[in-house]
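Worksheet for the structure shown next.
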Number of protein chains: 2
Amino acid sequence: MRTGQVAAEAGVNIQTLRYYERRGLLPEPPRRDSGYRSYGTKSVAVVRFIKRAQGVGFTLAEVEMLLHLAQGGPTDCEAVRDLAHEKVRDLDRRIESLHAMRVSLERLVETCDRPKRSRECPLIEALGGGPVAVGDGRLMNVAGERS
Amino acid sequence: MRTGQVAAEAGVNIQTLRYYERRGLLPEPPRRDSGYRSYGTKSVAVVRFIKRAQGVGFTLAEVEMLLHLAQGGPTDCEAVRDLAHEKVRDLDRRIESLHAMRVSLERLVETCDRPKRSRECPLIEALGGGPVAVGDGRLMNVAGERS
DNA sequence: CTTGACTCTGTATGCCGGTACAGGGTCTAT
DNA sequence: ATAGACCCTGTACCGGCATACAGAGTCAAG
């Protein structure tokens, strides 16, 4: 497959493919004599995976870890294991947050037309408490540590 | 409370508060005669909520919707309802994806040291299929529509 | 062998979410 | 009344994630 086809099937821009390649997310495909990239069909799945993972809140750096982890080097089983476990814990936290939001949202909808107004917002109450320490630190700079 | 205190308790930079204020995420607090902002304690919860929501994959634009929705204007109950439902569906999709990832990751770990190598990656297989249409369209430009 | 669609590389640009800095007031303790 | 910590506004800058454009080569159909 050529670039345009992969891009179309994966639902992304051609430039995006090249960008992922530069970032090391997408392995460099072999080239024809012309210099054209020649992708295997798996590439589409990989790109879609990247998009899904992103849509769910992972950064490209994290996606990269997931991918490398998925492609699992031969000997680094231990490392893969640890990383995977860490990611699973991360996922659990994310899922938990999403659940909490979901519950709050539904409660919000429920109480919405009952006491007309003046009900306090369950969303923020449910999720605004406690110090913020989300996932694995992306975007975080909690303690004001100099970056 | 003054800016610095809110920032410290919420675990963000002062500038971030002002940024959120500019974006309309954080309501403009009253000012002292000196011009200093004077926040109520709820602000901390709001900021924390923003951070959580972000950490879980919402953009600030989405967070803004959630917040406005949470603060629920008086009459827009219908609209609030719809929006909330939509967000809940969005959350469900996210949760589903995370679950799938979770399962795949664990399968990956399991099969990791069993057949030494050559097992195919369940992560990408599980999540690389089908067209990408995550959540509510953030980051998406699926059909190659000219923007 | 020309035309139009496609691809290549490289560089520039744009949006999002902050973060930093300059230049200046305010507050509090001594 | 002055030092030091804090806050104000405004503007500039940064990293992440793309996306666009320029200038040139490739390919398939007529």
Side-chain angles (χ1 to χ4, degrees), chain A residues 1-26 28-39 43 47 50-65 132 134 136-147, chain B residues 1-26 28-39 43 47 50-65 67 132 134 137-147:
Chain A
M1 298 174 82
R2 300 193 308 189
T3 318
Q5 213 183 332
V6 173
E9 290 192 21
V12 301
N13 194 306
I14 288 179
Q15 325 277 23
T16 304
L17 291 183
R18 307 220 304 102
Y19 176 65
Y20 289 168
E21 190 178 316
R22 278 205 301 287
R23 300 250 335 199
L25 287 173
L26 212 50
E28 292 189 27
R31 304 293 188 110
R32 304 216 182 123
D33 289 0
S34 60
Y36 283 23
R37 288 169 181 79
S38 177
Y39 290 98
S43 302
V47 175
I50 294 171
K51 280 314 200 182
R52 283 243 168 61
Q54 265 189 308
V56 126
F58 287 101
T59 64
L60 287 189
E62 291 173 320
V63 173
E64 192 178 351
M65 296 181 77
V132 176
V134 177
D136 57 326
R138 79 191 196 100
L139 297 171
M140 294 290 101
N141 185 6
V142 173
E145 292 280 288
R146 59 166 62 252
S147 60
Chain B
M1 299 174 83
R2 299 192 308 189
T3 318
Q5 213 182 333
V6 173
E9 290 194 21
V12 301
N13 194 307
I14 288 178
Q15 324 278 22
T16 304
L17 291 183
R18 306 221 303 104
Y19 177 65
Y20 289 168
E21 191 179 314
R22 279 205 301 287
R23 299 248 338 198
L25 286 173
L26 212 50
E28 292 190 27
R31 303 292 189 112
R32 304 218 183 121
D33 288 1
S34 60
Y36 283 23
R37 288 169 182 78
S38 177
Y39 291 99
S43 303
V47 176
I50 294 172
K51 281 312 199 183
R52 283 244 166 60
Q54 266 189 307
V56 125
F58 288 101
T59 64
L60 287 188
E62 291 173 320
V63 173
E64 191 177 352
M65 296 181 77
L67 282 174
V132 175
V134 176
R138 81 193 194 97
L139 296 170
M140 294 291 101
N141 184 7
V142 173
E145 293 279 289
R146 58 167 62 250
S147 62

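We name chains A, B, ... by the order of the sequence lines, and we start the count at 1 in each one.
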Tell me whether the side-chain N or O atoms of Gln15(A) pair up with the base of dA18(D) as donor and acceptor below 3.5 Å, since no angle test is needed here.
no
From NZ of Lys51(A) over to C1' of dA18(D), roughly how many Å is that when rounded to an integer?
8 Å
Between CZ of Arg37(A) and P of dC6(C) the distance, given in whole Å, is 17 Å
In whole Å, I'd like the distance from the OH atom of Tyr39(A) to the C1' atom of dC8(C).
11 Å
Value in whole Å for how far the P atom of dT13(C) lies from CG of Asn13(A):
18 Å
Take the C1' atoms of the five end pairs on each side of the helix from dC1(C)-dG30(D) to dT30(C)-dA1(D), derive the two axes, and give their angle rounded to 10 degrees.
0°
5' precedence on DNA chain D between Arg31(B) and Ala61(A) (nearest-nucleotide basis):
Arg31(B)
Heavy atoms of Gln54(A) and Val63(A) approach each other most closely as N-CG2, 4.5 Å
For Thr16(B), what residues pass the side-chain contact (heavy atoms from CB on, under 4.5 Å) criterion, not counting sequence neighbours?
Val12(B), Asn13(B), Tyr20(B)
Non-hydrogen atoms of Ile50(B) and Leu67(B) that approach each other most closely:
CG1-CD1, 4.1 Å
Rounded to the nearest Å, what distance is computed from the CE atom of residue Met1(B) to the P atom of nucleotide dC6(D)?
14 Å
Between Gln54(A) (CD) and dC16(C) (P), how many Å, whole number?
16 Å
Counting just side-chain N and O atoms, does Thr59(B) come under 4.0 Å of either OP1 or OP2 of dC16(C)?
no
Those residues of residues 17-25 of chain A lying under 4.0 Å from DNA chain D by at least one heavy atom
Tyr19(A), Tyr20(A), Arg23(A)
Under the rule for side-chain hydrogen bond (donor to acceptor under 3.5 Å, both in side chains), what residues qualify as partners of Tyr19(A), not counting sequence neighbours?
Arg23(A)
Gly4(B) and Ile14(B): which non-hydrogen atoms are nearest, and at how many Å?
CA-CD1, 3.9 Å
Just how far, in rounded Å, is C1' of dC17(D) from CG of Leu26(A)?
15 Å
Mind checking what makes side-chain contact (heavy atoms from CB on, under 4.5 Å) contact with Arg32(A), not counting sequence neighbours?
Arg2(A), Ser34(A), Tyr36(A), Ser38(A)
Give a yes/no answer on whether the side chain of Thr3(A) brings an N or O atom under 4.0 Å of OP1 or OP2 in dC8(C).
yes
How long is the straight-line distance from CZ of Arg18(B) back to CD of Gln15(B), given to the nearest 0.5 Å?
6.5 Å
Given side chains that start at C-beta, do those of Glu21(B) and Leu17(B) come closer than 4.5 Å, heavy atoms only?
no
Determine whether more than 12 heavy atoms belonging to other residues, nucleotides or ligands lie under 6.0 Å from atom CE of Met65(A).
no
So how far is it from Ser43(A) OG to Glu9(A) CD, rounded to the nearest 0.5 Å?
10.5 Å
Taking protein heavy atoms under 4.0 Å as touching, what does nucleotides 24-30 of chain D look like 5' to 3' if B marks base contact, S marks sugar-phosphate-only contact and - marks none?
-BBS---
From CD1 of Ile14(B) across to P of dT9(D) the rounded distance in Å is 12 Å
List the atom of Arg37(A), the atom of Thr3(A), and the distance in Å for their closest heavy-atom pair.
CB-OG1, 4.2 Å
